[in-house]
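Some notes on the structure that comes next.
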There are 2 protein chains.
Amino acid sequence: MPQTSLSSALFTLAQSYRVTVREAINANELGLNAMHVRCLHIIAETQHCTANDIVAKTGRDKAQIARLVKELIKLELVSKCADENDKRCLILSFTEQGNALFSRLEVAEQEVDAKLCHGLTDQQVRDFIAIATTMIENINHNTP
Amino acid sequence: MPQTSLSSALFTLAQSYRVTVREAINANELGLNAMHVRCLHIIAETQHCTANDIVAKTGRDKAQIARLVKELIKLELVSKCADENDKRCLILSFTEQGNALFSRLEVAEQEVDAKLCHGLTDQQVRDFIAIATTMIENINHNTP
DNA sequence: AGCGTATAGTTGACTATATCAACTATTGGG
DNA sequence: CCCAATAGTTGATATAGTCAACTATACGCT
């Protein structure tokens with residue numbers, strides 16, 4: 001199955017990745033999907049993280065994020081707490097369970113990534129990410 | 001907005017691409033989405049193309065493909081006709097309108113691709129596609 | 001020939017994902 | 001103190017993707 005064009009490579013890859021992550025996650029008996037995982041990552045890497053930060057970093061609709069966060073809270077992985085200075089801002093942070101799960105998740109992800117990158121050099125992977133990042137910037141910025 | 005990991009680069013890129021293609025397509029007043037476009041490409045590049053070929057090349061569910069094809073037929077872009085030797089196979093081909101539209105589509109896509117690849121060399125783009133293709137193979141094949 | 005099985009495609013019901021628009025609550029600036 | 005702006009929530013709806021059951025044709029077989 002040769003991939004000819006950029007677009008078909010992208011679509012196929014994104015689709016395959018989604019399916020694989022989902023399998024990996026189901027295999028790990030977590031009730032999470034790829035977007036949940038992205039949220040968890042952003043919460044982990046952002047101190048003082050709000051729902052709005054997730055919206056900004058993912059580019060998704062804020063309604064979607066609100067619901068994802070709600071689910072994470074219901075799963076008791078994340079808790080929210082109003083900012084003292086600005087009570088509109090609800091700061092998201094991991095619960096203990098959230099921390100534990102995130103560790104497991106990182107392991108599972110590393111496995112998926114390792115599989116994905118099998119036969120590729122570190123340099124190739126770095127280049128790939130760099131080019132993808134350039135493309136993302138191209139798409140987001142020059143929007144004439 | 002720095003992209004750190006492979007997965008977030010992939011997701012963001014796929015999402016941005018989808019949005020951009022959709023905008024380009026809506027701007028061109030066609031009632032098509034990204035999957036329609038993929039189907040049209042496959043029909044164009046596959047002689048004697050059946051629905052099953054599209055299923056094989058996209059990895060999507062055959063129900064989804066059946067519905068996409070149905071829509072393309074309703075839009076009178078594509079027609080289907082039973083194979084003489086095997087009446088189960090319905091061969092898909094462009095109508096005149098389909099041909100005309102596909103030409104327009106190619107122009108629109110080239111614009112999206114050009115935008116996406118702005119500032120990148122041809123070699124970088126080729127490498128990118130090659131790496132993506134390797135990743136797709138890694139994901140599809142070694143599924144232990 | 002006639003039987004069973006495989007294949008191509010279709011359809012219904014469903015789930016998941018994403019988007020839009022209207023809403024509340026809080027804030028900071030004049 | 002009022003108003004525009006911001007953070008978040010919710011309902012309705014649209015879009016995308018999946019599963020399972022079904023029809024129709026074809027192929028292989030004894």
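Each chain gets a letter, A, B and so on, in the order its sequence line appears, and its residues count up from 1. All figures in this text were calculated on a predicted structure; none of them were measured in a lab.
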When you compare the protein's N or O atoms with those of nucleotides 2-4 of chain D, which come within less than 3.5 Å of each other, and at what distance?
none

Produce the list of close N/O pairs, under 3.5 Å, pairing protein atoms with atoms of nucleotides 27-29 of chain C; give distances to one decimal.
residue, atom, partner, partner atom, Å
C:dT27, OP1, A:K87, N, 3.0

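Separating the CE atom of A:M35 from the C1' atom of D:dA16 is a distance of 15 Å, rounded to the nearest angstrom. Following rounding to the nearest Å, A:N52 (CG) and D:dT9 (P) show an atom-to-atom distance of 11 Å. Rounded to whole Å, the distance from CZ on B:R60 to P on C:dG9 is 18 Å. Note: CG (B:L68) to P (C:dT11) measures 14 Å, nearest angstrom. Whole-Å rounding puts the B:N33 CG to D:dA14 P distance at 16 Å. Protein atom CD of A:Q64 is 16 Å distant from nucleotide atom C1' of D:dG11, rounded to whole Å. Residue B:K80 contributes atom NZ, which lies 15 Å from atom P of C:dA8 at whole-angstrom precision. Separating the NZ atom of B:K62 from the C1' atom of C:dA6 is a distance of 11 Å, rounded to the nearest angstrom.
Looking at B:T46 and B:K57, their side chains do bring a donor and an acceptor atom within 3.5 Å of each other. If you check the side chains of B:D83 and B:H48, you find a donor sitting under 3.5 Å from an acceptor. Side-chain contact annotation: A:R126 with A:Q123, donor-acceptor N/O pair under 3.5 Å present. With no hydrogens or angles considered, a side-chain donor-acceptor pair links B:T12 and A:R38 at under 3.5 Å.
Across C:dT11, D:dG11, C:dG9, the shortest atom-to-atom separation from the side chain of B:K70 is found for C:dT11.
A:I43 is listed as a side-chain neighbour of A:I54, based on a closest heavy-atom distance under 4.5 Å.
Comparing A:A63 and B:I65 by the nucleotide of DNA chain C that holds the closest heavy atom to each, the one mapping nearer the 5' end is B:I65.
Linking ILVMFWY side-chain heavy atoms closer than 4.5 Å, directly or via other members, places B:F94 and B:I91 in two distinct hydrophobic clusters. In the hydrophobic clustering of ILVMFWY residues, with side-chain heavy atoms under 4.5 Å counting as a link, B:V69 and B:L32 come out together.
If you take CG on A:L101 and CG on A:L40, they are separated by 7.0 Å, rounding to the nearest 0.5 Å.
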